[in-house]
Trainee: 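Sharing a structure, written as structure tokens. Questions coming.
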Amino acid sequence: MFLKNAWYVAAWDHEITRDLQQITVLGENICVFRTEAGELVGLEDACPHRKLPLSKGRIKGDTVECGYHGLTFDCAGQCVWAPGAGRAPSNAKVHAYPMHEKYGLVWIWMGNPALADVADIFEIENFGDPAWGMNRGAAMELDCNYLLMCDNLLDPTHVAWVHQSSFAAPATKDTPLRISKTDKGVIVHRWMMDHEPAPFYKKIVEFEGNCDRLQHYEVRYPSHALIKAVFTPAGTGGPDGKLHEKTFIMDSYNFMTPTTDGQTRYYWFQLRNIRPDDAALSKMMSEDVQNAFEEDRDVLNAVQLGMTNKTSPHIDLPIDGGQLRFRRQLQAMINEEQQVDKQMAE
């Protein structure tokens with residue numbers, strides 16, 4: 001089950017063009033394209049006549065012509081022409097999905113269009129700030145339920161075993177976690193004091209010696225995450241520390257879009273507070289992060305198989321507290337949404 005009244009990432013902005021194409025979000029097939037003016041359109045990808053996907057039809061101006069019998073639909077999903085009729089039948093219409101372009105991403109609203117408010121799209125601090133550099137990679141296809149990746153992004157401890165050559169450090173194994181719940185999601189975080197920087201970050205930070213390191217893992221409903229990494233010279237970090245002028249900050253943004261119950265499309269990019277125009281640094285970071293995320297994918301795809309085929313119950317550990325809180329609250333939101341929908345339908 002999914003939360004419908006929420007914004008999800010549908011694509012990178014360059015992926016949607018004038019060509020008709022099908023995407024799948026929350027198990028729903030959607031025909032997406034751009035109008036002649038470049039505006040985004042998302043229509044239910046099934047002609048109401050015989051359910052041929054509209055994405056197999058033709059674009060004509062700002063309308064879509066079905067490839068079977070030529071029924072033609074405008075950007076609001078209403079049929080404006082049908083064969084053998086003086087006028088288009090009033091019941092020939094398809095659902096139109098609100099869409100919005102922001103942060104180089106295309107966002108889609110999967111619930112009641114009347115509730116769609118672009119102000120509710122995930123806020124990304126420092127995006128477009130010339131003082132901050134960016135690196136990103138192609139979206140990743142995961143053969144697992146999106147909540148497994150949400151679990152992963154509320155789990156700072158996993159880096160000690162999954163990412164030993166990149167993000168791991170001895171302190172990531174057993175430094176206690178702090179968990180807090182917000183109106184938007186759940187945060188799991190910890191400061192790890194006076195230890196050697198992890199391999200990935202050691203190549204990047206602009207100071208010598210040991211560091212104080214913050215792991216801030218935050219997932220917001222329905223499935224968007226901010227992973228903040230802070231590295232500052234030892235003795236300058238901590239909850240009340242005065243960060244050093246050479247402090248390195250990397251904000252990693254992660255957007256999990258459920259395509260089906262067992263598959264997820266994962267969009268990501270990082271913002272950093274150093275050397276914004278260093279193309280070599282951006283390339284190195286993108287490649288190293290991609291490799292680390294491939295490690296996550298291998299693990300989570302296998303976890304999905306293990307959960308699907310398990311012959312005994314799985315167990316939870318104290319380190320799972322953030323994940324369990326997130327899942328409980330998200331499920332409560334889904335239950336409430338479904339109850340409201342049921343009442344409106346009666």
Trainee: Please, which pairs that meet salt bridge (Lys or Arg N to Asp or Glu O under 4.0 Å) have at least one residue in residues 58-82, sequence neighbours excluded?
Mentor: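 Every salt bridge (Lys or Arg N to Asp or Glu O under 4.0 Å) pair that includes a residue of residues 58-82, provided the two are not neighbours, is R18-D62, R58-E65, K60-E65.
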
Trainee: Is any side-chain heavy atom of T182 closer than 4.5 Å to one of Y221?
Mentor: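 Result no, sub-4.5 Å side-chain heavy-atom pair not found.
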
Trainee: In terms of ring plane angle, is the pair F248 and F231 parallel, tilted or perpendicular, where the classes change at 30° and 60°?
Mentor: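 Ring orientation of F248 relative to F231: tilted.
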
Trainee: Would a 4.5 Å heavy-atom cut-off, applied to side chains only, mark F326 and C150 as touching?
Mentor: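 Yes, side chains in contact.
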
Trainee: State whether a side-chain donor-acceptor pair under 3.5 Å links Q270 with S252.
Mentor: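 Yes - a donor-acceptor pair under 3.5 Å links their side chains.
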
Trainee: Return the minimal non-hydrogen interatomic distance between I108 and M99, and the atom names on each side.
Mentor: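 Looks like CG1-CG, 4.1 Å.
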
Trainee: Set out, in order, the CA-CA distance, both residues' side-chain angles and the distance that settles salt bridge (charged side-chain N to carboxylate O under 4.0 Å, His left out) for E337 and K4, then state yes or no.
Mentor: CA-CA 8 Å; E337 181 179 271; K4 293 289 190 74; over 6 Å; no

Trainee: Could you tell me whether K203 and D288 make a salt bridge, using a distance below 4.0 angstrom between a side-chain N and a carboxylate O?
Mentor: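 Looking at K203 and D288, the cut-off is met.
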
Trainee: Provide the closest heavy-atom pair for A96 versus L43 in the form atom of the first, atom of the second, distance.
Mentor: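 Reported closest heavy-atom pair: CB-CD2, 3.9 Å.
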
Trainee: Does any N or O in the side chain of T232 come within less than 3.5 Å of the main-chain N or O of H244, such that one atom is a donor and the other an acceptor?
Mentor: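 A pair under 3.5 Å: yes.
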
Trainee: Specify the closest pair of heavy atoms between N5 and G111, including all atoms of both residues, with the distance to one decimal.
Mentor: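 Where N5 meets G111 most closely, the heavy atoms are OD1-CA, 3.3 Å.
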
Trainee: List in chain and number order the residues that pass side-chain hydrogen bond (donor to acceptor under 3.5 Å, both in side chains) with Y146, two or more places apart in sequence or in another chain; answer none if no residue qualifies.
Mentor: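 Scan of Y146 (side-chain hydrogen bond (donor to acceptor under 3.5 Å, both in side chains), adjacent residues dropped) gives none.
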
Trainee: Would you indicate whether the side-chain heavy atoms of V186 and Q329 approach each other to under 4.5 Å?
Mentor: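 Q329 does not reach V186 side chain to side chain.
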
Trainee: Any salt bridge linking K184 with E123? Criterion: basic side-chain nitrogen under 4.0 Å from a carboxylate oxygen.
Mentor: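 Salt bridge: no.
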
Trainee: Nearest 0.5 Å please: distance from the CG atom of D296 over to the CG atom of L153.
Mentor: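 Reported value, rounded in 0.5 Å steps: 7.5 Å.
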
Trainee: Looking at Y266, F255, W268, which hits ring-ring contact (aromatic ring centres under 6.0 Å, His included) with H224?
Mentor: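 The residue from Y266, F255, W268 that satisfies ring-ring contact (aromatic ring centres under 6.0 Å, His included) with H224 turns out to be F255.
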
Trainee: Salt bridge check, E218 against K228: does any charged N sit closer than 4.0 Å to a carboxylate O?
Mentor: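 No, no charged N to carboxylate O under 4.0 Å.
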
Trainee: With under 30° as parallel and over 60° as perpendicular, where do the rings of H69 and H49 fit, or are they tilted in between?
Mentor: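 Plane angle over 60°, so perpendicular.
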
Trainee: Would you say F2 and P222 make side-chain contact, with heavy atoms under 4.5 Å?
Mentor: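 A side-chain contact under 4.5 Å is absent here.
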
Trainee: What residue pairs, at least two apart or across chains, pass salt bridge (Lys or Arg N to Asp or Glu O under 4.0 Å) with a residue in residues 125-153?
Mentor: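 As it turns out, the salt bridge (Lys or Arg N to Asp or Glu O under 4.0 Å) pairs with a partner in residues 125-153, which skip direct neighbours, are E141-R265, D151-R327.
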
Trainee: Let me know which of M110, Q22, E44 forms a side-chain contact (heavy atoms from CB on, under 4.5 Å) with I30.
Mentor: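 The side-chain contact (heavy atoms from CB on, under 4.5 Å) with I30 is passed solely by M110 among M110, Q22, E44.
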
Trainee: Here's a test for you: under ring-ring contact (aromatic ring centres under 6.0 Å, His included), which of W109, Y97, W107 qualifies with W7?
Mentor: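 It is W109; the other options fail the test.
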
Trainee: Measure the shortest side-chain to side-chain distance between L147 and L330 over non-hydrogen atoms and say whether it is less than 4.5 angstrom.
Mentor: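 They are in contact (side-chain heavy atoms under 4.5 Å apart), so the answer is yes.
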
